[in-house]
Peer 1: 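Submitted below is the structure of interest, expressed as C-alpha coordinates.
All chains are named by letter (A, B, ...) in the order of the sequence lines, taking the proteins before the strands, and each is independently numbered beginning at 1. Hydrogens, waters and symmetry mates play no part in the numbers below; they use all other heavy atoms, side chains included. The structure displayed is predicted, hence computed values, not measured ones.
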There are 2 protein chains.
Amino acid sequence: MTRNTALVLDNFLPYRLSVLSNVLSQSIAREYDKRFGLSITEWRVMAVLGCTTNISAREVAERTAMDKVAVSRALAKLLEKRQIERARSPLDKRASVLRLSGEGRRIYDLVVPLALEHEQRLLAHLDSEEQVWLTRILDTLWDAELAESMR
Amino acid sequence: MTRNTALVLDNFLPYRLSVLSNVLSQSIAREYDKRFGLSITEWRVMAVLGCTTNISAREVAERTAMDKVAVSRALAKLLEKRQIERARSPLDKRASVLRLSGEGRRIYDLVVPLALEHEQRLLAHLDSEEQVWLTRILDTLWDAELAESMR
DNA sequence: CAATTTTAGTTACACTTGCAACCAACTGCA
DNA sequence: TGCAGTTGGTTGCAAGTGTAACTAAAATTG
(Lines give C-alpha, C1' and ligand atoms only; values in the text may rest on other atoms or scores of the structure.)
Protein backbone atom coordinates (compact mmCIF):
# COMPACT_ATOMS: atom_id res chain seq x y z
CA MET A 1 0.00 0.00 0.00
CA THR A 2 1.77 3.14 -1.20
CA ARG A 3 0.67 6.62 -0.20
CA ASN A 4 1.49 9.94 -1.76
CA THR A 5 2.66 11.21 1.61
CA ALA A 6 4.26 8.34 3.42
CA LEU A 7 4.31 8.23 7.17
CA VAL A 8 6.21 5.46 8.77
CA LEU A 9 5.71 5.66 12.49
CA ASP A 10 9.19 4.28 13.16
CA ASN A 11 10.75 7.29 11.47
CA PHE A 12 8.42 9.83 12.95
CA LEU A 13 10.33 12.07 15.28
CA PRO A 14 7.72 13.01 17.91
CA TYR A 15 6.70 9.38 18.14
CA ARG A 16 10.25 8.16 18.62
CA LEU A 17 10.98 10.79 21.19
CA SER A 18 7.85 9.91 23.09
CA VAL A 19 8.40 6.15 23.09
CA LEU A 20 12.05 6.50 24.00
CA SER A 21 11.41 8.84 26.87
CA ASN A 22 8.55 6.68 28.15
CA VAL A 23 10.64 3.54 28.16
CA LEU A 24 13.32 5.45 29.98
CA SER A 25 11.01 7.02 32.56
CA GLN A 26 9.23 3.74 33.16
CA SER A 27 12.40 1.88 33.92
CA ILE A 28 13.59 4.59 36.28
CA ALA A 29 10.16 4.90 37.89
CA ARG A 30 10.01 1.19 38.57
CA GLU A 31 13.30 1.22 40.36
CA TYR A 32 12.57 4.30 42.48
CA ASP A 33 9.24 2.84 43.43
CA LYS A 34 10.65 -0.54 44.30
CA ARG A 35 13.58 0.70 46.29
CA PHE A 36 12.20 3.85 47.89
CA GLY A 37 8.45 3.86 47.34
CA LEU A 38 8.92 7.06 45.36
CA SER A 39 6.91 8.03 42.30
CA ILE A 40 8.54 10.11 39.59
CA THR A 41 6.59 13.18 40.63
CA GLU A 42 7.62 12.73 44.25
CA TRP A 43 11.21 12.24 43.21
CA ARG A 44 11.16 15.38 41.10
CA VAL A 45 9.94 17.37 44.04
CA MET A 46 12.65 15.89 46.25
CA ALA A 47 15.26 16.58 43.60
CA VAL A 48 14.39 20.26 43.67
CA LEU A 49 14.22 20.44 47.45
CA GLY A 50 17.54 18.66 47.58
CA CYS A 51 19.38 21.61 46.18
CA THR A 52 17.07 24.51 47.00
CA THR A 53 15.64 24.76 50.48
CA ASN A 54 12.85 26.97 51.74
CA ILE A 55 10.93 27.43 48.56
CA SER A 56 7.20 27.47 47.94
CA ALA A 57 5.10 24.89 46.13
CA ARG A 58 4.75 27.30 43.24
CA GLU A 59 8.50 27.46 42.82
CA VAL A 60 8.70 23.68 42.96
CA ALA A 61 6.10 23.51 40.21
CA GLU A 62 8.08 25.94 38.10
CA ARG A 63 11.32 24.06 38.45
CA THR A 64 9.88 20.61 37.87
CA ALA A 65 7.70 21.58 34.91
CA MET A 66 4.80 19.98 36.78
CA ASP A 67 1.49 21.67 37.31
CA LYS A 68 0.49 22.89 40.73
CA VAL A 69 -2.05 20.15 41.33
CA ALA A 70 0.52 17.45 40.73
CA VAL A 71 2.92 19.23 43.05
CA SER A 72 0.28 19.62 45.73
CA ARG A 73 -0.44 15.91 45.65
CA ALA A 74 3.21 14.92 45.64
CA LEU A 75 3.80 17.21 48.62
CA ALA A 76 0.88 15.68 50.49
CA LYS A 77 2.38 12.23 50.09
CA LEU A 78 5.87 13.33 51.02
CA LEU A 79 4.51 15.08 54.10
CA GLU A 80 2.59 11.99 55.08
CA LYS A 81 5.80 9.99 54.81
CA ARG A 82 7.58 12.74 56.76
CA GLN A 83 10.19 13.13 54.05
CA ILE A 84 9.63 16.87 53.81
CA GLU A 85 8.61 19.61 56.22
CA ARG A 86 6.25 22.45 55.55
CA ALA A 87 5.75 25.79 57.25
CA ARG A 88 3.69 28.83 56.32
CA SER A 89 5.62 31.75 54.99
CA PRO A 90 5.46 34.70 57.37
CA LEU A 91 5.75 37.03 54.39
CA ASP A 92 2.85 35.50 52.46
CA LYS A 93 0.45 33.47 54.53
CA ARG A 94 -0.84 31.64 51.47
CA ALA A 95 2.57 30.28 50.54
CA SER A 96 4.34 27.36 52.13
CA VAL A 97 8.02 27.04 52.86
CA LEU A 98 9.33 23.62 52.03
CA ARG A 99 12.41 21.62 52.85
CA LEU A 100 13.56 18.04 53.07
CA SER A 101 13.35 16.44 56.50
CA GLY A 102 16.32 14.54 57.87
CA GLU A 103 14.80 11.34 56.58
CA GLY A 104 14.04 13.02 53.24
CA ARG A 105 17.64 14.12 52.94
CA ARG A 106 18.78 10.61 53.70
CA ILE A 107 16.66 9.21 50.89
CA TYR A 108 17.69 12.00 48.56
CA ASP A 109 21.33 11.16 49.16
CA LEU A 110 20.58 7.56 48.22
CA VAL A 111 18.61 8.38 45.09
CA VAL A 112 21.00 10.93 43.59
CA PRO A 113 23.82 8.51 42.79
CA LEU A 114 21.25 6.11 41.41
CA ALA A 115 19.87 8.81 39.16
CA LEU A 116 23.32 9.75 37.94
CA GLU A 117 23.98 6.10 37.26
CA HIS A 118 20.87 5.93 35.12
CA GLU A 119 22.06 8.93 33.19
CA GLN A 120 25.47 7.40 32.68
CA ARG A 121 23.96 4.15 31.55
CA LEU A 122 22.06 6.09 28.91
CA LEU A 123 25.04 8.14 27.82
CA ALA A 124 27.20 5.04 27.67
CA HIS A 125 25.50 4.11 24.44
CA LEU A 126 26.82 7.27 22.81
CA ASP A 127 30.33 8.32 21.93
CA SER A 128 31.56 11.61 23.30
CA GLU A 129 30.79 13.52 20.14
CA GLU A 130 27.22 12.26 20.18
CA GLN A 131 26.90 13.20 23.81
CA VAL A 132 27.87 16.78 23.09
CA TRP A 133 25.43 17.02 20.21
CA LEU A 134 22.63 15.53 22.23
CA THR A 135 23.08 18.10 24.96
CA ARG A 136 23.22 20.89 22.45
CA ILE A 137 20.14 19.70 20.59
CA LEU A 138 18.19 19.28 23.80
CA ASP A 139 19.14 22.81 24.84
CA THR A 140 17.85 24.20 21.60
CA LEU A 141 14.61 22.23 21.52
CA TRP A 142 14.03 22.85 25.21
CA ASP A 143 14.22 26.59 24.73
CA ALA A 144 12.15 26.58 21.58
CA GLU A 145 9.41 24.18 22.64
CA LEU A 146 9.04 25.20 26.24
CA ALA A 147 8.88 28.82 25.24
CA GLU A 148 6.02 27.98 22.87
CA SER A 149 4.18 25.82 25.35
CA MET A 150 4.22 28.61 27.91
CA ARG A 151 2.33 30.94 25.64
CA MET B 1 23.40 24.25 50.04
CA THR B 2 26.17 22.30 48.36
CA ARG B 3 26.15 18.53 48.02
CA ASN B 4 28.98 16.18 47.37
CA THR B 5 27.08 14.71 44.43
CA ALA B 6 25.24 17.50 42.75
CA LEU B 7 22.07 16.84 40.83
CA VAL B 8 20.52 19.74 39.06
CA LEU B 9 17.25 18.63 37.56
CA ASP B 10 17.62 21.02 34.63
CA ASN B 11 20.75 19.21 33.49
CA PHE B 12 19.46 15.75 34.13
CA LEU B 13 19.05 13.95 30.85
CA PRO B 14 16.12 11.60 31.52
CA TYR B 15 14.23 14.48 33.08
CA ARG B 16 14.82 16.78 30.13
CA LEU B 17 13.89 14.13 27.65
CA SER B 18 10.71 13.39 29.51
CA VAL B 19 9.58 16.99 29.87
CA LEU B 20 10.44 17.81 26.28
CA SER B 21 8.64 14.84 24.86
CA ASN B 22 5.60 15.48 27.06
CA VAL B 23 5.32 19.08 25.97
CA LEU B 24 5.60 17.93 22.40
CA SER B 25 3.07 15.11 22.69
CA GLN B 26 0.63 17.30 24.55
CA SER B 27 0.62 19.96 21.89
CA ILE B 28 0.15 17.40 19.15
CA ALA B 29 -2.50 15.53 21.16
CA ARG B 30 -4.49 18.68 21.67
CA GLU B 31 -4.62 19.41 18.00
CA TYR B 32 -5.54 15.88 16.93
CA ASP B 33 -8.25 15.82 19.53
CA LYS B 34 -9.65 19.20 18.59
CA ARG B 35 -9.64 18.63 14.86
CA PHE B 36 -10.37 14.92 14.59
CA GLY B 37 -11.44 13.72 18.02
CA LEU B 38 -8.41 11.43 17.98
CA SER B 39 -6.31 10.54 20.99
CA ILE B 40 -2.62 9.86 20.56
CA THR B 41 -3.15 6.14 21.09
CA GLU B 42 -5.92 6.08 18.50
CA TRP B 43 -3.78 8.01 16.09
CA ARG B 44 -0.86 5.61 16.56
CA VAL B 45 -3.10 2.70 15.74
CA MET B 46 -4.38 4.46 12.65
CA ALA B 47 -0.86 5.35 11.63
CA VAL B 48 0.09 1.70 11.63
CA LEU B 49 -3.06 0.58 9.87
CA GLY B 50 -2.49 3.33 7.33
CA CYS B 51 0.53 1.59 5.92
CA THR B 52 -0.03 -2.03 6.92
CA THR B 53 -3.41 -3.58 6.35
CA ASN B 54 -4.79 -6.85 7.65
CA ILE B 55 -2.76 -7.19 10.79
CA SER B 56 -3.76 -8.35 14.25
CA ALA B 57 -4.05 -6.29 17.41
CA ARG B 58 -0.91 -7.93 18.69
CA GLU B 59 1.04 -6.71 15.70
CA VAL B 60 -0.38 -3.23 16.15
CA ALA B 61 0.80 -3.31 19.75
CA GLU B 62 4.27 -4.34 18.66
CA ARG B 63 4.60 -1.62 16.09
CA THR B 64 3.23 1.16 18.24
CA ALA B 65 5.16 0.21 21.37
CA MET B 66 1.83 0.27 23.19
CA ASP B 67 0.66 -2.50 25.45
CA LYS B 68 -2.16 -4.76 24.38
CA VAL B 69 -4.69 -3.24 26.75
CA ALA B 70 -4.14 0.22 25.34
CA VAL B 71 -4.43 -1.15 21.83
CA SER B 72 -7.60 -3.05 22.67
CA ARG B 73 -9.22 0.08 24.00
CA ALA B 74 -8.08 2.25 21.12
CA LEU B 75 -9.46 -0.33 18.70
CA ALA B 76 -12.78 -0.38 20.53
CA LYS B 77 -13.13 3.38 20.12
CA LEU B 78 -12.05 3.35 16.51
CA LEU B 79 -14.54 0.57 15.79
CA GLU B 80 -17.28 2.50 17.51
CA LYS B 81 -16.49 5.49 15.32
CA ARG B 82 -16.36 3.14 12.32
CA GLN B 83 -12.90 4.31 11.39
CA ILE B 84 -11.55 0.79 11.25
CA GLU B 85 -12.97 -2.63 10.39
CA ARG B 86 -12.32 -5.87 12.18
CA ALA B 87 -12.71 -9.48 11.12
CA ARG B 88 -11.69 -12.72 12.76
CA SER B 89 -8.71 -14.44 11.29
CA PRO B 90 -9.66 -17.76 9.69
CA LEU B 91 -6.21 -19.10 10.57
CA ASP B 92 -6.43 -18.22 14.25
CA LYS B 93 -9.91 -17.62 15.57
CA ARG B 94 -8.60 -15.64 18.52
CA ALA B 95 -6.84 -13.10 16.37
CA SER B 96 -8.47 -10.19 14.59
CA VAL B 97 -7.66 -8.83 11.18
CA LEU B 98 -7.71 -5.07 11.12
CA ARG B 99 -7.88 -2.38 8.49
CA LEU B 100 -8.90 1.23 8.10
CA SER B 101 -12.45 1.82 6.87
CA GLY B 102 -13.08 4.25 4.05
CA GLU B 103 -13.79 6.93 6.61
CA GLY B 104 -10.71 5.94 8.57
CA ARG B 105 -8.60 6.26 5.47
CA ARG B 106 -10.07 9.67 4.81
CA ILE B 107 -9.09 10.85 8.27
CA TYR B 108 -5.69 9.21 8.02
CA ASP B 109 -5.03 11.13 4.81
CA LEU B 110 -5.89 14.35 6.62
CA VAL B 111 -3.77 13.65 9.67
CA VAL B 112 -0.61 12.54 7.89
CA PRO B 113 0.30 15.92 6.42
CA LEU B 114 -0.49 17.50 9.76
CA ALA B 115 1.85 15.09 11.50
CA LEU B 116 4.61 15.77 9.03
CA GLU B 117 4.06 19.46 9.58
CA HIS B 118 4.54 19.00 13.30
CA GLU B 119 7.74 17.15 12.65
CA GLN B 120 8.99 19.90 10.37
CA ARG B 121 8.10 22.54 12.91
CA LEU B 122 10.23 20.69 15.42
CA LEU B 123 13.14 20.20 13.05
CA ALA B 124 12.98 23.83 11.99
CA HIS B 125 14.64 24.76 15.27
CA LEU B 126 17.71 22.75 14.30
CA ASP B 127 20.28 23.30 11.58
CA SER B 128 20.86 20.47 9.14
CA GLU B 129 23.88 19.16 10.99
CA GLU B 130 21.93 18.96 14.23
CA GLN B 131 19.11 17.21 12.44
CA VAL B 132 21.42 14.48 11.21
CA TRP B 133 22.93 13.99 14.66
CA LEU B 134 19.55 13.88 16.32
CA THR B 135 18.39 11.13 14.00
CA ARG B 136 21.56 9.20 14.54
CA ILE B 137 21.43 9.54 18.31
CA LEU B 138 17.80 8.51 18.42
CA ASP B 139 18.60 5.45 16.33
CA THR B 140 21.30 4.42 18.74
CA LEU B 141 19.33 5.02 21.91
CA TRP B 142 16.23 3.46 20.41
CA ASP B 143 18.05 0.24 19.67
CA ALA B 144 19.85 0.18 22.99
CA GLU B 145 16.97 1.12 25.28
CA LEU B 146 14.18 -0.72 23.56
CA ALA B 147 16.25 -3.84 23.41
CA GLU B 148 16.80 -3.59 27.16
CA SER B 149 13.18 -2.85 27.95
CA MET B 150 12.09 -5.93 26.03
CA ARG B 151 14.06 -8.21 28.26
C1' DC C 1 -8.84 52.29 51.74
C1' DA C 2 -12.78 49.60 49.81
C1' DA C 3 -13.53 46.94 45.50
C1' DT C 4 -11.55 44.11 42.11
C1' DT C 5 -8.28 41.10 40.38
C1' DT C 6 -4.61 37.96 40.90
C1' DT C 7 -2.11 34.30 43.14
C1' DA C 8 -0.96 30.00 46.37
C1' DG C 9 -2.70 25.96 47.23
C1' DT C 10 -6.39 22.30 47.81
C1' DT C 11 -10.36 19.54 46.55
C1' DA C 12 -13.86 17.21 43.63
C1' DC C 13 -14.89 14.97 39.43
C1' DA C 14 -14.28 12.81 35.23
C1' DC C 15 -11.14 10.41 32.50
C1' DT C 16 -7.03 7.69 31.37
C1' DT C 17 -3.72 4.03 32.32
C1' DG C 18 -1.62 -0.19 33.99
C1' DC C 19 -2.03 -4.58 36.16
C1' DA C 20 -4.09 -8.77 37.19
C1' DA C 21 -7.48 -11.87 36.23
C1' DC C 22 -9.95 -13.84 32.91
C1' DC C 23 -11.86 -16.51 28.57
C1' DA C 24 -11.23 -18.70 24.41
C1' DA C 25 -8.32 -20.64 21.08
C1' DC C 26 -3.98 -22.41 19.77
C1' DT C 27 0.59 -25.20 20.44
C1' DG C 28 3.49 -28.76 22.06
C1' DC C 29 4.44 -32.89 23.89
C1' DA C 30 3.72 -37.44 26.03
C1' DT D 1 -5.58 -37.91 21.40
C1' DG D 2 -5.58 -35.14 25.75
C1' DC D 3 -3.57 -32.34 29.04
C1' DA D 4 -0.35 -28.35 30.27
C1' DG D 5 1.21 -24.31 28.88
C1' DT D 6 1.02 -20.27 25.90
C1' DT D 7 -1.06 -16.57 23.33
C1' DG D 8 -4.76 -13.02 21.51
C1' DG D 9 -7.78 -10.17 23.33
C1' DT D 10 -11.12 -8.12 26.83
C1' DT D 11 -12.71 -6.60 31.33
C1' DG D 12 -12.59 -4.87 36.23
C1' DC D 13 -10.38 -2.44 39.55
C1' DA D 14 -7.18 0.66 41.64
C1' DA D 15 -4.24 4.34 41.09
C1' DG D 16 -2.76 8.43 38.65
C1' DT D 17 -3.75 12.84 36.06
C1' DG D 18 -5.93 17.09 34.18
C1' DT D 19 -9.57 20.50 34.51
C1' DA D 20 -12.40 23.40 36.84
C1' DA D 21 -14.10 25.19 40.90
C1' DC D 22 -13.02 26.78 45.29
C1' DT D 23 -10.84 29.20 49.70
C1' DA D 24 -7.80 32.31 51.60
C1' DA D 25 -4.52 35.76 51.22
C1' DA D 26 -2.05 39.21 48.52
C1' DA D 27 -1.67 42.87 45.05
C1' DT D 28 -3.74 46.47 42.29
C1' DT D 29 -6.37 50.33 41.32
C1' DG D 30 -9.23 54.14 41.26
Peer 1: Enter the inter-axis angle for the ends of the helix from C:dC1-D:dG30 to C:dA30-D:dT1 (five pairs per end, rounded to 10°).
Peer 2: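 Inter-axis angle at the termini of the helix from C:dC1-D:dG30 to C:dA30-D:dT1: 20°.
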
Peer 1: Both A:Glu42 and A:Pro90 contact DNA chain D. Which one's nearest nucleotide lies toward the 5' end?
Peer 2: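 Closest to the 5' end, via its nearest nucleotide, is A:Glu42.
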
Peer 1: Which class fits the ring pair A:His118 and A:Tyr32: parallel under 30°, tilted 30 to 60°, perpendicular over 60°?
Peer 2: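 Correct class here is perpendicular.
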
Peer 1: Under the side-chain hydrogen bond (donor to acceptor under 3.5 Å, both in side chains) test against A:Ser21, which residue among B:Ser25, B:Ser21, B:Ser18 passes?
Peer 2: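 So, applying the side-chain hydrogen bond (donor to acceptor under 3.5 Å, both in side chains) to A:Ser21 and each of B:Ser25, B:Ser21, B:Ser18, only B:Ser21 qualifies.
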
Peer 1: So what does A:Arg30 touch, heavy atoms closer than 4.0 Å: a base, only the sugar-phosphate, or nothing?
Peer 2: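 Sugar-phosphate, no base atom in range.
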
Peer 1: Does A:Ser96 reach a base, just sugar-phosphate, or nothing at all? Heavy atoms under 4.0 Å.
Peer 2: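 Answer is sugar-phosphate: A:Ser96 comes under 4.0 Å of backbone atoms only.
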
Peer 1: Any base atoms under 4.0 Å from B:Ser56, or only sugar-phosphate, or nothing? Heavy atoms, all strands.
Peer 2: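 Result for B:Ser56 = sugar-phosphate.
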
Peer 1: How is A:Ile40 classified with respect to the nucleic acid when contacts are heavy atoms under 4.0 Å: base, sugar-phosphate, or nothing?
Peer 2: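 It contacts nothing in the nucleic acid.
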
Peer 1: Look at the side chain of A:Gln26 and decide which nucleotide, out of C:dG18, D:dG16, D:dA20, has an atom nearest to it.
Peer 2: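 Shortest atom-to-atom distance from the side chain points to C:dG18.
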
Peer 1: Is the shortest side-chain heavy-atom distance between B:Ile84 and B:Arg99 below 4.5 Å?
Peer 2: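 No; the side chains remain at least 4.5 Å from each other.
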
Peer 1: Tell me every residue that passes side chain to side chain donor-acceptor pair (under 3.5 Å) with A:Lys81, counting only those two or more places apart in sequence or in another chain.
Peer 2: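 Here the qualifying residues are A:Glu42.
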
Peer 1: Measure from NZ on B:Lys77 to C1' on C:dT16 and round the result to the nearest Å.
Peer 2: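 Rounding to the nearest Å, NZ of B:Lys77 and C1' of C:dT16 are 8 Å apart.
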
Peer 1: Take atom CZ of B:Arg58 and atom P of C:dT27, then tell me their distance rounded to the nearest Å.
Peer 2: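 Spelled out: CZ on B:Arg58 to P on C:dT27 is 13 Å.
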
Peer 1: Measure the shortest side-chain to side-chain distance between B:Val97 and B:Ile55 over non-hydrogen atoms and say whether it is less than 4.5 angstrom.
Peer 2: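 A side-chain contact is absent here, since even the closest heavy-atom pair is not under 4.5 Å.
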
Peer 1: Do the side chains of A:Leu123 and A:Leu141 join up, straight or via other hydrophobic residues, at under 4.5 Å, putting them in one cluster?
Peer 2: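 Looking at the clustering, A:Leu141 is in the same group as A:Leu123.
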
Peer 1: D:dG9 phosphate, OP1 or OP2: any side-chain N/O from B:Ser72 under 4.0 angstrom?
Peer 2: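 False: B:Ser72 side-chain N/O out of range (4.0 Å or more) of D:dG9 OP1/OP2.
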
Peer 1: Are B:Met66 and B:Val69 connected in the hydrophobic side-chain network, where two residues link if heavy atoms are under 4.5 Å apart?
Peer 2: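 No; tracing contacts between hydrophobic side chains, which count when under 4.5 Å, never links both residues.
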
Peer 1: Under 4.0 Å, heavy atoms only, any strand: does B:Arg88 hit a base, just the sugar-phosphate, or nothing?
Peer 2: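 The answer is nothing, as B:Arg88 stays clear of every strand by at least 4.0 Å.
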
Peer 1: Name the closest nucleotide to the A:Lys93 side chain, picking from C:dC26, C:dT10, D:dA26.
Peer 2: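 So the side chain of A:Lys93 is nearest to D:dA26.
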
Peer 1: Could you state the CD-C1' distance from A:Glu59 to C:dA8, rounded to the nearest angstrom?
Peer 2: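 Taking CD of A:Glu59 and C1' of C:dA8, I get 11 Å after rounding.
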
Peer 1: Tell me the interatomic distance from B:Arg63, atom CZ, to D:dG8, atom C1', rounded to whole angstroms.
Peer 2: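 Rounding to the nearest Å, CZ of B:Arg63 and C1' of D:dG8 are 17 Å apart.
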
Peer 1: From NZ of B:Lys68 over to P of C:dT17, roughly how many Å is that when rounded to an integer?
Peer 2: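 Spelled out: NZ on B:Lys68 to P on C:dT17 is 18 Å.
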
Peer 1: May I have the distance from A:Arg94 (atom CZ) to C:dT11 (atom C1'), rounded to whole angstrom?
Peer 2: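 Answer to the nearest Å: 18 Å.
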
Peer 1: Could you give the CG-to-P distance, from A:Asp92 to C:dT7, as a whole number of Å?
Peer 2: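 So the CG-P distance, A:Asp92 to C:dT7, works out to 12 Å.
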
Peer 1: Taking C-beta and beyond as the side chain, do A:Gln83 and A:Leu38 meet within less than 4.5 Å on heavy atoms?
Peer 2: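 Yes, side chains in contact.
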
Peer 1: Hey, which sits more toward the 5' end of DNA chain C by its nearest nucleotide, B:Ser89 or A:Ala95?
Peer 2: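 Final value for this comparison: A:Ala95.
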
Peer 1: Find the distance A:Asp67:CG to C:dT7:C1' and express it as a whole number of Å.
Peer 2: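 Value for this atom pair: 15 Å.
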
Peer 1: Quick check: on DNA chain D, is the nucleotide nearest B:Arg73 upstream (toward 5') of the one nearest B:Leu98, or the reverse? Name the residue that is more 5'.
Peer 2: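 Nearest-nucleotide comparison on DNA chain D picks B:Leu98.
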
